[in-house]
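Just below is one structure, and these are the notes that go with it.
So you know, we letter chains A, B, ... as the sequences are listed, proteins then strands, and number each from 1.
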2 protein chains.
Amino acid sequence: MTKLSSSEIERLKNSLKEKGYKLTPQRRAIVDIIIRNEGKHLTTEEIYDQVRSECPEIGLATVYRTVQLLDEIGVICKLELDDGCSRYEIIHKEENHRHHHLICTKCSKIIEVTDDLLEPLEKEIEKKYDFKILNHSLKFYGICSECRKSGKYK
Amino acid sequence: MTKLSSSEIERLKNSLKEKGYKLTPQRRAIVDIIIRNEGKHLTTEEIYDQVRSECPEIGLATVYRTVQLLDEIGVICKLELDDGCSRYEIIHKEENHRHHHLICTKCSKIIEVTDDLLEPLEKEIEKKYDFKILNHSLKFYGICSECRKSGKYK
DNA sequence: ATGAGTGCAAATGGTTTGCAAGGCC
DNA sequence: GGCCTTGCAAACCATTTGCACTCAT
């Protein structure tokens, strides 16, 4: 089980301190779990379940509050799949744009698209609509290769 | 107050009948309200409020059920702004792709982007990730021209 | 000792569901 | 008669909030 490296902890502590927040054991454990489950896009409830193994007294409300806070300060970001609950993923410091997601409507697998590809489109829209774009959310719904191979779907 | 034209009613009736559903007065009134409020992106609750003026006995549950049904058969489509409730807009029969939305984070205005612009990107992703894209959702968050002109935001 | 952070339980609010009654083929 | 549809009220469930308590600085 990989834990937070000391450089990661430093970075986290600084991000929090910048806005006047503290790095509590609970907050640390939550970030730890999110990092350890990178790519899994955990829901708040799932984070709660996992965090309890190393922080048994933690309350669900704390997880909700923390996850909101971490989103605010830009350590993690919310991913809405519109299935009734919010999911979260870490933001890597090298990332300067939100990546996109391919969502398989058959098996619910989520594939990340790291290529940006949206830059020229954004420029065009900013000009045409006189709108300053600060962020974006791009999701593609469809059928992944495994589900297509399985033969049931084309 | 524009009402549904007879050709629109025919199209709607057929879409419903195809799947074995009936065109009830409630369903008709709901579609009517959605069309009359095109561009407003009404929430279910807002649709309910408006529909009651011409259908006072209608229940909120009926609106929820209808809106779900109309989404299923492709007459309207859901727009999630992740603000805790679902909004709906009609799909025009000429549209073969979902259009995009610019969302002003200051005044919550929603601007529609009819240009597709995503076609080449989809082709590229389909090939690279071996993923059959069926639909997409693209939202840009930022600040609209009026809010920028007002001087408060840059 | 002051204010931030927490755990718990209760409240909130959008959406869904169970059910009895109504309406149409 | 059977089935779809509806209205109502209750249930659901993710998230938020109030509050008393704890804990660092």
From CG of A/D82 across to P of D/dC13 the rounded distance in Å is 19 Å
Residues which pass salt bridge (charged side-chain N to carboxylate O under 4.0 Å, His left out) with A/K19, listed by chain and number, not counting sequence neighbours
none
Using atom types as modelled, flag every donor-acceptor pair under 3.5 Å from a side chain in residues 61-78 of chain B to any protein atom, sequence neighbours excluded.
from	atom 1	to	atom 2	distance (Å)
B/T66	OG1	B/T62	O	2.7

Which pairs count as side chain to side chain donor-acceptor pair (under 3.5 Å) when at least one residue sits in residues 120-129 of chain B, sequence neighbours excluded?
A/D115-B/K128, A/D115-B/Y129, B/E122-B/H136
Euclidean distance, atom CD1 of residue A/I47 to atom P of D/dT15 [Å, nearest integer]:
10 Å
What does nucleotides 1-15 of chain C look like as a protein-contact string, B for base, S for sugar-phosphate only, - for none, at under 4.0 angstrom between heavy atoms?
---SSSBB-----SB
Could you work out, with ring-ring contact (aromatic ring centres under 6.0 Å, His included) as the rule, every residue matching A/H41, not counting sequence neighbours?
A/H101
Who else is in the cluster with B/I91 when I, L, V, M, F, W and Y are joined by side-chain contacts under 4.5 Å?
none
Over how many whole Å does the gap from A/E46 atom CD to D/dT15 atom C1' extend?
16 Å
